[in-house]
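In what follows, every heavy atom counts, from backbone to side chain, and hydrogens, waters and symmetry copies are set aside. Residues take their numbers from the sequence shown, with the count starting at 1.
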Amino acid sequence: MKDKVELENKTILVTGSPGFIGANLVLRLLTELSFGTVISFDSMNDYYDPNLKKYRLNLISERAKTSSAKHVFVKGNLADNDLLNNIFEEYKPSVVVNLAAQAGVRYSINHPDAYIESNIIGFFNILEACRYYPVEHLVYASSSSVYGGNKKVPFSTDDKVDNPVSLYAATKKSNELLAYSYSKLYNIPSTGLRFFTVYGPAGRPDMFYFSAANRLSRGEKIQIFNYGDMKRDFTYIDDIVEGIYRVMQGAPQKTIDGDGLLVPPYAIYNIGGGQPEKLLDYIATLQEELVRTGVLPETYDFEGHKELVGMQPGDVPVTYADSKALETDYGFTPTIDIRIGLGKFAEWYKEYYMN
């Protein structure tokens with residue numbers, strides 16, 4: 001059972017907007033809500049091209065013009081505790097969706113400090129704010145990376161996740177532990193979402209499908225890790241947003257056990273496509289859609305532009321989500337296949353970069 005959370009006429013804080021997932025969630029909220037306020041919070045850092053974030057922010061601004069809900073954008077860093085407390089003091093959000101984080105597995109090898117600042121200190125500040133300015137529901141981004149090198153598939157939230165293979169994964173697992181302790185100590189309803197390889201239009205340029213499109217369009221070679229022997233549970237952005245939107249409206253119940261002790265109002269869910277795709281098939285589909293949309297010529301020599309290389313540090317060969325709990329509790333399972341998803345990405349790519 002879940003405690004129903006009404007989103008209408010509420011103040012909702014979304015951190016990490018205008019990041020990829022955050023921007024799409026804010027766009028959805030501005031479309032759905034008749035009343036209330038949506039606060040976007042982001043540092044607008046240069047981890048990747050800030051122009052892409054500005055593009056997404058502009059999409060939000062345009063949507064806000066016709067939305068019945070109010071939109072406020074605050075530029076800042078989650079590590080700035082005073083700024084965060086000021087936001088909670090002024091707006092008193094009822095629902096918080098924390099999507100702000102330093103992303104990327106490979107980037108964490110050489111930039112570990114960025115992950116501690118954003119993913120640990122920043123998330124701690126969110127939890128402290130929710131402690132002193134109580135919220136109806138805290139939803140936060142975890143990651144499929146917490147499963148590390150687990151051999152058992154599909155990955156279940158019941159599996160042990162004690163062996164992260166990257167600092168990024170370790171910070172996400174830390175988020176789950178911190179959220180559990182705050183739920184237990186301060187009765188904060190919190191739900192963590194383990195996302196599986198999110199992709200789509202205006203996504204993150206450091207993600208493989210996006211960087212591959214960039215390199216292929218320039219006539220460069222792409223590196224295919226682990227000699228192509230990899231599978232990923234690719235999840236289209238609209239499915240991710242639908243999952244978040246539903247989860248926001250159902251918070252873990254505040255209950256007492258038989259001994260009169262508080263049961264932490266805490267939950268974890270996978271959001272994944274549930275159908276792992278071979279990396280080589282995914283790349284072939286991407287190439288076909290780039291050709292269909294005119295990003296690449298029909299005569300493009302794909303075989304001549306790929307290079308099979310070994311596994312990269314921090315990577316895992318397979319990700320595969322067991323999302324049955326999400327379907328049971330919220331009636332939702334991701335359904336958008338890679339042909340449709342990559343097709344929409346290719347169409348956006350052509351319009352954004354080539355028109």
Side-chain angles (χ1 to χ4, degrees), residues 18-21 23 44-56 102-111 114 144-145 165-166 168 196-237 273 276-319 337-355:
F20 178 35
I21 299 175
M44 300 292 285
N45 66 29
D46 60 357
Y47 167 62
Y48 59 77
D49 184 7
N51 288 324
L52 201 51
K53 295 183 179 180
K54 293 175 183 176
Y55 166 82
R56 300 191 199 110
Q102 178 58 59
V105 170
R106 297 183 190 103
Y107 189 76
S108 68
I109 302 295
N110 296 319
H111 304 85
S144 62
S145 67
V165 296
S166 70
Y168 171 68
F196 281 69
T197 316
V198 188
Y199 74 102
R204 279 174 32 210
D206 62 317
M207 295 295 285
F208 176 77
Y209 72 99
F210 203 137
S211 63
N214 285 337
R215 296 184 70 85
L216 291 172
S217 67
R218 295 193 298 261
E220 300 172 0
K221 286 188 176 182
I222 59 170
Q223 290 187 329
I224 301 174
F225 298 115
N226 204 33
Y227 307 101
D229 187 19
M230 299 179 77
K231 288 185 177 182
R232 285 288 181 270
D233 207 346
F234 299 101
T235 316
Y236 188 65
I237 182 62
E277 303 283 351
K278 293 180 180 178
L279 182 59
L280 289 176
D281 292 343
Y282 185 77
I283 295 169
T285 303
L286 172 64
Q287 176 214 9
E288 291 165 6
E289 292 303 315
L290 291 174
V291 169
R292 179 184 66 83
T293 54
V295 175
L296 299 179
E298 292 186 6
T299 57
Y300 198 84
D301 175 20
F302 180 63
E303 289 299 317
H305 289 85
K306 70 179 183 181
E307 179 185 1
L308 301 179
V309 298
M311 183 73 87
Q312 294 293 290
D315 263 351
V316 294
V318 179
T319 65
D337 67 32
I338 60 171
R339 175 69 64 182
I340 294 173
L342 288 173
K344 290 183 177 181
F345 165 73
E347 290 164 3
W348 170 84
Y349 189 94
K350 172 70 178 297
E351 180 180 355
Y352 185 80
Y353 286 107
M354 304 180 73
N355 287 344

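Between Glu347 and Arg292 there is a salt bridge, since at least one side-chain N of the basic residue sits less than 4.0 Å from a carboxylate O of the acidic one.
Using bins of under 30°, 30° to 60° and over 60° for the plane-to-plane angle, the ring pair Tyr353/Tyr349 lands in the tilted bin.
The nearest pair of heavy atoms linking Tyr209 to Leu342 is CB-CD2, 4.4 Å. Nearest approach of Arg215 to Lys221, heavy atoms of both residues: NE-O, 2.7 Å. Shown here for Glu289 and Ala346, the closest heavy-atom pair between the two residues is O-CB, 3.5 Å. The minimum heavy-atom distance linking Asn214 with Ser217 is given by the pair O-OG, 2.8 Å. The minimum heavy-atom distance between Met354 and Val295, with the atom names listed, is SD-CA, 3.7 Å.
Counting only distance, with no hydrogens or angles, the side chain of Lys350 and the backbone of Thr293 share a donor-acceptor pair below 3.5 Å. In terms of modelled atom types and a separation under 3.5 Å, the side chain of Thr235 and the main chain of Val198 share no donor-acceptor contact. Of the possible donor and acceptor atoms, one in the side chain of Arg56 sits under 3.5 Å from a partner among the backbone N and O of Ala202.
Looking at Tyr47 and Asp206, their side chains do bring a donor and an acceptor atom within 3.5 Å of each other.
Looking at heavy atoms from C-beta onward, Lys54 lies in side-chain contact with Met44 at the 4.5 angstrom threshold. Counting only heavy atoms from C-beta outward, the side chains of Gln102 and Asn45 approach each other to under 4.5 Å. Looking at heavy atoms from C-beta onward, Glu288 lies in side-chain contact with Arg339 at the 4.5 angstrom threshold. You'll find the side chain of Phe302 stays beyond 4.5 Å of the side chain of Leu296, heavy atoms only. In this structure the side chain of Ile340 never reaches within 4.5 angstrom of the side chain of Tyr236, judged on heavy atoms.
Annotation: Phe225 is not in aromatic contact with Phe208 [ring centroid separation under 6.0 Å not met]. Separation of the Phe234 and Phe196 ring centroids does not fall under the 6.0 Å cut-off.
For Lys53 and Tyr48, the positive end sits near the middle of the six-membered ring, less than 6.0 Å away and at most 45° from its axis.
Note that the CG atom of Leu286 and the CG atom of Asp281 stand 12.5 Å from one another [nearest 0.5 Å]. Atom NZ of Lys278 is separated from atom CD1 of Ile283 by 13.0 Å, given to the nearest 0.5 angstrom. One distance of note links NZ of Lys231 with CG of Leu279; it measures 12.0 Å at 0.5 Å rounding. Once rounded to the nearest 0.5 Å, the distance linking CZ of Arg232 with OG of Ser144 reads 7.5 Å.
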Q.
Please evaluate residues Leu290 and Tyr300 with respect to the criterion side-chain contact (heavy atoms from CB on, under 4.5 Å), reporting the C-alpha separation (whole Å), side-chain torsions for both, the decisive distance (0.1 Å), and the verdict.
A. CA-CA 10 Å; Leu290 291 174; Tyr300 198 84; over 6 Å; no

**Q.** Derivation and outcome, side-chain contact (heavy atoms from CB on, under 4.5 Å), residues Asp233 and Thr197
**A.** CA-CA 6 Å; Asp233 207 346; Thr197 316; 5.7 Å; no

Q.
Show, in sequence, the C-alpha distance, side-chain angles and deciding distance for Lys306 and Glu303, and conclude whether the side-chain contact (heavy atoms from CB on, under 4.5 Å) test is met.
A. CA-CA 6 Å; Lys306 70 179 183 181; Glu303 289 299 317; 3.1 Å; yes

Q: With side-chain contact (heavy atoms from CB on, under 4.5 Å) as the test, would you mind laying out the steps for Phe210 and Tyr199 before giving the verdict?
A: CA-CA 8 Å; Phe210 203 137; Tyr199 74 102; over 6 Å; no

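The number of heavy-atom neighbours closer than 6.0 Å to CD of Glu298, taken from other residues, nucleotides and ligands shown, is 12 or below.
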